[in-house]
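Comments concern the structure below.
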Amino acid sequence: MSLSKNHLKLITSLSQKKYRHKYKLFVVEGMKVVQEFLNSSYELEILFSTESSFSYLDNFIEVSEQELKKISSLKTPNKVVALFKIPVEKNSNSSGLIVALDAINDPGNLGTIIRLCDWFGVDKLLCSKETVDCYNTKVVQSSMGSLTRVAISYIDLKEYLLSVSIPIFIADMDGDNVYEMKPPASAVLVMGNEANGISNSIKEIVSTKITIPRYGDSQLTESLNVATATAILLSEFRR
């Protein structure tokens with residue numbers, strides 16, 4: 001079997017969310033990241049590579065470097081492009097430390113937050129339906145394989161927060177100093193949109209706000225990048 005026009009058309013279409021969800025497939029690129037997915041519970045649909053080391057796979061197609069360039073979204077293609085099946089979302093348990101995202105738009109931020117959850121042992125990441133798709137190619141690449149170890153669910157965030165019994169904290173510039181509190185082991189940490197922060201509908205139902213204080217002399221820095229803020233807050237919750 002060789003790379004066909006239908007393969008090319010399918011892979012190109014998966015750059016759009018509606019086709020990823022129509023075909024229940026997403027794209028993974030690069031030797032290290034693809035290997036992480038192959039070693040996980042994700043199911044491989046088809047794999048294209050310039051490397052014959054994948055020939056043990058039934059659904060492997062060897063391609064030339066020129067063909068790889070045609071199907072890769074990277075400026076410098078990295079030997080392999082694979083399509084994996086999008087798994088069925090599992091119900092979210094309300095225990096332990098959970099991160100919830102309120103309309104995060106930037107794929108790089110989401111990918112980094114997925115990696116942070118993996119690093120800090122947060123195995124549940126909840127996303128509002130307005131949050132960027134976790135199977136967006138840029139999210140998959142920036143998460144560097146951590147997507148295989150963090151369970152992600154897209155939910156009605158307000159409805160979920162009203163249903164949980166564990167403490168809920170929202171990151172807000174007007175919140176209490178996170179360095180002066182002792183966070184509980186089980187909690188939901190809600191991070192807000194890059195431009196607008198936490199939405200008013202969430203602020204209306206959550207009263208506990210926390211913030212990372214500014215120490216710079218000018219006090220002019222407007223805010224931290226949401227992924228950077230998530231890293232600092234998760235560090236404090238795990239300390």
Side-chain angles (χ1 to χ4, degrees), residues 3 6-49 54 57 59-61 68 70-92 98-119 122-157 160 191-194 226-227 230:
L3 180 68
N6 285 339
H7 288 140
L8 183 57
K9 184 179 179 181
L10 173 61
I11 294 166
T12 302
S13 75
L14 294 178
S15 63
Q16 298 181 55
K17 179 180 177 180
K18 65 179 180 179
Y19 290 113
R20 289 194 294 273
H21 287 263
K22 176 181 178 180
Y23 298 121
K24 305 295 183 187
L25 297 172
F26 67 102
V27 179
V28 183
E29 295 194 52
M31 295 291 283
K32 182 181 183 300
V33 183
V34 167
Q35 197 59 60
E36 292 245 30
F37 277 88
L38 287 174
N39 293 338
S40 73
S41 60
Y42 278 84
E43 187 178 347
L44 176 69
E45 175 74 11
I46 192 166
L47 185 147
F48 307 88
S49 181
F54 292 105
L57 296 168
N59 32 8
F60 163 70
I61 296 177
L68 189 68
K70 289 181 181 179
I71 59 176
S72 174
S73 64
L74 303 177
K75 289 183 178 179
T76 306
N78 189 352
K79 298 181 180 180
V80 58
V81 172
L83 306 186
F84 285 87
K85 296 181 180 180
I86 295 176
V88 176
E89 288 186 7
K90 298 178 181 178
N91 291 332
S92 301
I98 299 167
V99 173
L101 304 181
D102 184 12
I104 298 300
N105 288 330
D106 183 82
N109 282 336
L110 178 55
T112 301
I113 291 170
I114 293 169
R115 290 182 71 186
L116 287 167
C117 287
D118 188 18
W119 181 267
V122 177
D123 58 9
K124 292 179 286 291
L125 177 61
L126 306 180
C127 299
S128 69
K129 293 178 181 178
E130 297 77 26
T131 294
V132 64
D133 181 21
C134 66
Y135 296 109
N136 176 300
T137 303
K138 291 181 180 178
V139 176
V140 175
Q141 293 309 118
S142 59
S143 67
M144 293 297 292
S146 290
L147 191 57
T148 64
R149 293 179 289 275
V150 178
I152 301 176
S153 297
Y154 283 78
I155 58 170
D156 182 318
L157 185 56
Y160 169 80
M191 305 301 298
N193 174 267
E194 291 90 343
V226 65
T230 302

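Remember, predicted model here, so these are calculated numbers, not experimental data. Atoms considered below: every heavy atom in the structure, side chains included; atoms not considered: hydrogens, waters and symmetry mates.
Using a 4.5 Å heavy-atom cutoff, the side chains of Tyr154 and Thr131 are in contact. Within the 4.5 Å cutoff, no side-chain heavy atoms of Asp118 are placed close to those of Met144. At least one side-chain heavy atom of Leu125 sits under 4.5 Å from a side-chain heavy atom of Leu110. With contacts defined as side-chain heavy-atom distances shorter than 4.5 Å, the pair Val150/Val122 does not qualify. Proximity of Asp133 to Arg20: side-chain heavy atoms (C-beta onward) are separated by under 4.5 Å at one or more points.
The OG atom of Ser153 lies 5.0 Å from the CD atom of Glu89; values are rounded to the nearest 0.5 Å. The distance from atom CD1 of Ile71 to atom CD of Glu29, rounded to the nearest 0.5 Å, is 7.5 Å. Going from atom CG of Leu47 over to atom CD1 of Ile61 covers 9.0 Å, rounded to the nearest 0.5 Å. Residue Leu126 holds its CG atom at 12.0 Å from CG of Asp102, rounded to the nearest 0.5 Å. To the nearest 0.5 Å, atoms CG (Asp106) and CG (Asn193) are separated by 10.5 Å. From Thr230, atom OG1 reaches atom CG of Asn109 across 8.0 Å, with rounding to the nearest 0.5 Å.
Phe37 approaches Gly145 most closely through the heavy-atom pair CE1-CA, 4.4 Å. Of all non-hydrogen atoms in Ile11 and Phe48, the two that sit nearest each other are CD1-CE1, 3.6 Å. Heavy-atom minimum distance, Ile104 versus Gly192: CD1-O, 3.0 Å. Nearest heavy atom pair, residue Val80 against residue Met31, reads CG1-N, 3.5 Å. Taking both residues in full, the closest heavy atoms of Ala227 and Leu116 are given as O-CD1, 3.3 Å, listed atom of the first, atom of the second, then distance. Looking at every heavy atom in both residues, Val139 comes nearest to Cys134 through CG1-O, 3.4 Å.
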**Request:** Assess whether side-chain contact (heavy atoms from CB on, under 4.5 Å) is satisfied between Phe84 and Leu147, documenting all intermediate values.
**Result:** CA-CA 12 Å; Phe84 285 87; Leu147 191 57; over 6 Å; no

**Request:** Begin from the C-alpha positions of Cys127 and Ile152 and carry the test side-chain contact (heavy atoms from CB on, under 4.5 Å) through to its verdict.
**Result:** CA-CA 7 Å; Cys127 299; Ile152 301 176; 3.9 Å; yes

**Request:** Mind running side-chain contact (heavy atoms from CB on, under 4.5 Å) on Leu44 and Leu38 for me, showing each step along the way?
**Result:** CA-CA 7 Å; Leu44 176 69; Leu38 287 174; 3.9 Å; yes

**Request:** Please report the C-alpha distance between Thr12 and Tyr19 in whole Å, then the side-chain angles of each, then the deciding distance to 0.1 Å, and finally whether the side-chain contact (heavy atoms from CB on, under 4.5 Å) criterion is met.
**Result:** CA-CA 10 Å; Thr12 302; Tyr19 290 113; over 6 Å; no

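Counting only residues at least two apart or in different chains, salt bridge (Lys or Arg N to Asp or Glu O under 4.0 Å) contacts with residues 31-43 comprise Lys32-Glu36, Glu36-Arg149, Glu43-Lys85. Residue pairs meeting the side chain to side chain donor-acceptor pair (under 3.5 Å) criterion with at least one member in residues 136-145: none, sequence neighbours excluded.
In this structure, Ser49 contributes its side chain and Lys79 its backbone to a donor-acceptor pair below 3.5 Å. Proximity of a side-chain donor or acceptor of Glu194 to a complementary backbone N or O of Asn105 within less than 3.5 Å is detected.
Note: Phe54 and Phe60 have tilted aromatic rings, judged against thresholds of 30 and 60 degrees for the angle between ring planes.
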All N/O donor-acceptor pairs, side-chain side in residues 21-28, below 3.5 Å, sequence neighbours left out:
none

